[in-house]
Amino acid sequence: MTREDAATLFERIALLLELKGENTFKVRAYRTGAEIVESYSGDIMQMAAENKLAGIKGLGEALRDKLHEMATTGRLEFYEKLKAEFPDTLFELFDVQGLGPKKVAALHAELGVSSLADLKRACESGEAAKLAGFGGKTVEKILESIAFREKHASEFRMDTVHPLVLDILEALRRHPDVSHAEVCGSYRRGKETVHDLDFLVSTRKPEEVIEDFVKLPLVVDVIAKGPTKASVHVTHGVQCDLRAVSNKEFPFALAYFTGSKEHNVAIRQRALARGWSLNEYGFTAERGDAPVIPPIHDEAELYRALDLDFIDPELRENKGEIDAAEHGGLPRLIQLENLRGVFHNHTTASDGGATLREMADAAHDLGLQYLGIADHSKSSFQANGLDEKRLLAQVQEIKVLNEEMKEEGFRIFAGSEVDILKDGSLDFSDEVMAQLDYVVASVHNVFNLPEAEMTKRIIRAIENPHVTMLGHVTGRLLLQRPAYNVNIAAVIDAAAETGTIIELNASAWRLDMDWRWWKLAKEKGVKCSINPDAHSTHGLQAVIYGIKAARKGWLTRQDVVNCLPLGEIEEVLRAKRGRKAED
Ligand code: DGT
Ligand code: CA
Ligand code: CA
Ligand code: ZN
């Protein structure tokens, strides 16, 4: 069980206890527990397994015991029992936008709402609007959120599936009868959300491997099982397909099941043009005069046989990659190892769970050379945004810490995630922003503007010489909240013109700006910054999702500013301000 799973369980327990009308003290203990688990800077699950949690502030004995149980058994009996007192469908309500625990409790107690379907009915009939705290606006928002969720009901975010993929691949690779195991499908292509996971193994004993696969501990139920394939549901309700093939078939099956469908169709046509048919098992000569089929041992040889360079899975969307592979024009995609630092990170000064020092140590431990802090600005009061005074105090604190960390070759950059106000002006004056090393400008409220107005608002912010980079361009929360209306192409043009960096927010919830826009941005000369938007030390790990999205957007290390070493990044941060002075 990961720390996220454990934190989620504590959150849910808090909510269920609240619904039961338990005392608020107890409820709060679980909620605090969830926050601690989520943001603790050490390996809290390992510590829980070893019974070493004593002394962590805010974690009482009851919660410590529960963490121990979760860490060692992967489940929690207390939660299972509690959960059994409620209908399963109640849990659908928990992630609806605009529906906090209090509202869920009111809906449940007063209208007997225990599922999304109930909620929809209660909203449509006008009953919900009569409850205390439910205006027409709230109801409208809930209905919109339900519609959005229904549309994406069978998709999963990276943070849900990534740990599952690691676990399952490890189990498959450890199996004595498996020679190769890979994950295929949209996951391998680095899509921001996936419908299901597709695994592939090569083996001489498919039946044994399939038999053991359906018995893996994280399998919840078996959907279908045959001699060479199986489908199961695992944790979180994620469907996993497994196919077993021979070693000889493996590269063909790997390419086929990686997709995309559109890429496969184009590749198949290319094979046909030289007289070969292609499917998940191999090439077959279709004509007597077709060229001899060379031996194929891996995907690279498969592409080579078609006179193509190897195409990284992330690029396989039939969006120009085949033409590029034919002419030596594929980019050398960025890798996690290329990152030298990270911008846009929060601390306990605003809504983060770790202190400045803890964040700096964690970034240093990851092997990074610099960490950019960007706590929220004062208008984001719900996130405890900093006013000028607190911000400048933080700048001083960073200076002191930088003196200490200088010898280690590590540097903290003082910044701020400055709110872009409704009219496109910024939450801090130029004078204040001038005292920072960099500024991320983001929209955090008034999402419902018409496209032209939102675009104008964002472009006005970008035109400020102190705005180093634009944060989460569309404000989307994957599977949860749609992007606001904004003309992204126009924003890219404005960024190119003003020398503003655009953020690739690496949080699995955002991955914003979307990968579909990066190729255009890069062609216009816009630089990217892969920003974890970390709200805890663990949150820094989000860069792995950002790297996947950047690769999918054709980006190389040259396109991403935080691949630059400490010695070169400062100049980039100063470039836009300097530009103003020269003009
Ligand atoms: P998703 O929806 O997130 O699961 O996306 P994929 O791409 O993983 O789609 P999935 O799981 O239905 O199929 C995995 C891959 O198998 C897909 O990317 C390409 C290949 N594939 C599946 N069905 C077909 C098909 O009818 N024709 C071709 N050419 N390829 C297919
Ligand atoms: Ca899939
Ligand atoms: Ca599938
Ligand atoms: Zn933000």
Side-chain angles (χ1 to χ4, degrees), residues 152-158 160-161 165 182-200 223-224 229-234 238-243 245 252-272 277-281 313-314 316-318 343-346 350-352 373-377 379-380 382-385 415-420 427 439-445 447 458 461 469-479 481 484 503-507 509-510 512-513 531-535 539 542 552:
H152 298 282
S154 57
E155 292 171 49
F156 300 91
R157 277 185 309 269
M158 276 296 145
T160 307
V161 293
V165 168
E182 230 355 302
V183 60
C184 310
S186 48
Y187 178 89
R188 185 166 183 240
R189 299 200 312 281
K191 277 287 297 290
E192 68 279 22
T193 58
V194 306
H195 282 103
D196 69 358
L197 296 172
D198 307 280
F199 293 92
L200 179 71
I223 304 163
K229 57 184 184 184
S231 288
V232 298
H233 282 126
V234 300
V238 179
Q239 181 177 330
C240 295
D241 298 339
L242 173 67
R243 282 187 186 71
V245 298
F252 294 94
L254 181 60
Y256 181 88
F257 292 113
T258 296
S260 65
K261 224 178 252 182
E262 294 74 15
H263 175 89
N264 287 356
V265 168
I267 291 288
R268 227 169 18 235
Q269 276 163 358
R270 199 177 165 88
L272 273 180
S277 68
L278 169 63
N279 61 18
E280 61 265 53
Y281 307 112
E314 293 90 342
R316 300 182 196 171
E317 298 290 347
N318 199 25
F343 295 103
H344 190 172
N345 300 289
H346 298 262
S350 65
D351 58 347
I373 297 298
D375 273 312
H376 286 287
S377 63
S379 285
S380 278
Q382 76 291 345
N384 192 23
S416 172
E417 182 179 15
V418 179
D419 271 8
I420 301 176
D427 207 9
V439 165
V440 188
S442 309
V443 169
H444 284 125
N445 60 8
F447 291 155
I458 292 175
M469 49 183 93
L470 174 64
H472 43 70
V473 184
T474 74
R476 75 177 181 186
L477 292 180
L478 289 167
L479 310 184
R481 181 175 83 198
Y484 40 66
E503 161 181 281
L504 197 177
N505 191 299
S507 159
W509 286 76
R510 296 186 180 270
D512 185 12
M513 181 164 85
N531 293 352
D533 195 357
H535 285 74
K552 201 155 185 60

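Ligands are counted one by one from 1 in listed order, and the atoms in each one are counted from 1 as well.
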Between Lys191 and ligand 1, which residue portion shows a heavy-atom distance shorter than 4.0 Å: side chain, backbone, both, or neither?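 No part of Lys191 is near ligand 1 at this cut-off.
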
Part of Asp241 within contact of ligand 1 (heavy atoms, under 4.0 Å):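 Near ligand 1, Asp241 shows nothing, with every heavy atom at 4.0 Å or more.
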
Quick one: do the Asp427 and Ser379 side chains pair a donor with an acceptor below 3.5 Å?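 Side-chain D/A pair, Asp427 to Ser379: present.
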
Shortest reach to atom 8 (O) of ligand 1 by a heavy atom, considering only Ser186, Ala266, Ser260: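 Minimum heavy-atom distance to atom 8 (O) of ligand 1 goes to Ser186.
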
Counting only heavy atoms, tell me which of Arg316, Arg268, Lys261 gets closest to atom 23 (N) of ligand 1.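 Considering heavy atoms of Arg316, Arg268, Lys261, the nearest to atom 23 (N) of ligand 1 sits in Lys261.
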
Compute the minimum heavy-atom distance from Glu155 to ligand 1 and say whether it is under 4.0 Å.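 No.
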
What do you reckon, does Leu197 put a non-hydrogen atom under 4.0 Å from ligand 1?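 Distance cut 4.0 Å: Leu197 fails for ligand 1.
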
When you measure from the side chain of Asn505 to the backbone of Asp512, do you find a donor-acceptor pair of N or O atoms at a distance under 3.5 Å?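 The answer is no, because no donor-acceptor pair under 3.5 Å joins these two groups.
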
Flag, side chain of Arg510 to backbone of Leu477, donor-acceptor distance under 3.5 Å: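 A pair under 3.5 Å: no.
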
For atom 29 (N) of ligand 1, is some protein heavy-atom partner under 4.0 Å away?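 So atom 29 (N) of ligand 1 has protein heavy-atom neighbours under 4.0 Å.
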
Nearest protein heavy atom to atom 12 (O) of ligand 1: under 4.0 Å?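 Looking at atom 12 (O) of ligand 1, one finds that no protein heavy atom lies closer than 4.0 Å.
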
To 10°, measure the NE2(His472)-the Zn ion (ligand 4)-NE2(His444) angle for me.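 Taking the Zn ion (ligand 4) as the apex, the two atoms subtend 90°.
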
Distance filter under 4.0 Å to [X] heavy atoms, resulting ligand 1 atoms:
| X | value |
| --- | --- |
| Arg189 | 7 (O), 18 (O) |
| Thr258 | 18 (O) |
| Asp196 | 4 (O), 11 (O) |
| Val194 | 3 (O) |
| Gly185 | 8 (O) |

Which of the N/O/S atoms in Asp241 sits closest to the Ca ion (ligand 3)?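 Nearest to the Ca ion (ligand 3) within Asp241's N, O and S set: OD2.
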
Provide the atom name of the closest N, O or S atom of Asp196 relative to the Ca ion (ligand 3).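 Output for this pair reads OD2.
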
From the options Glu314, His263, Glu317, select the one residue that forms a side-chain hydrogen bond (donor to acceptor under 3.5 Å, both in side chains) with Arg189.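 The option that passes is Glu317.
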
Nearest 0.5 angstrom please: Phe156 CZ to Asp196 CG, how far?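 These two atoms lie 9.0 Å from each other.
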
Closest protein heavy atom to atom 10 (P) of ligand 1, given as residue, atom name and distance to 0.1 Å: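 The protein heavy atom lying closest is Asp198 OD2, 4.2 Å.
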
Would you say Glu417 has an N, O or S atom lying under 2.8 Å from the Zn ion (ligand 4)?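 Given the 2.8 Å cut-off, Glu417 counts as a ligand of the Zn ion (ligand 4).
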
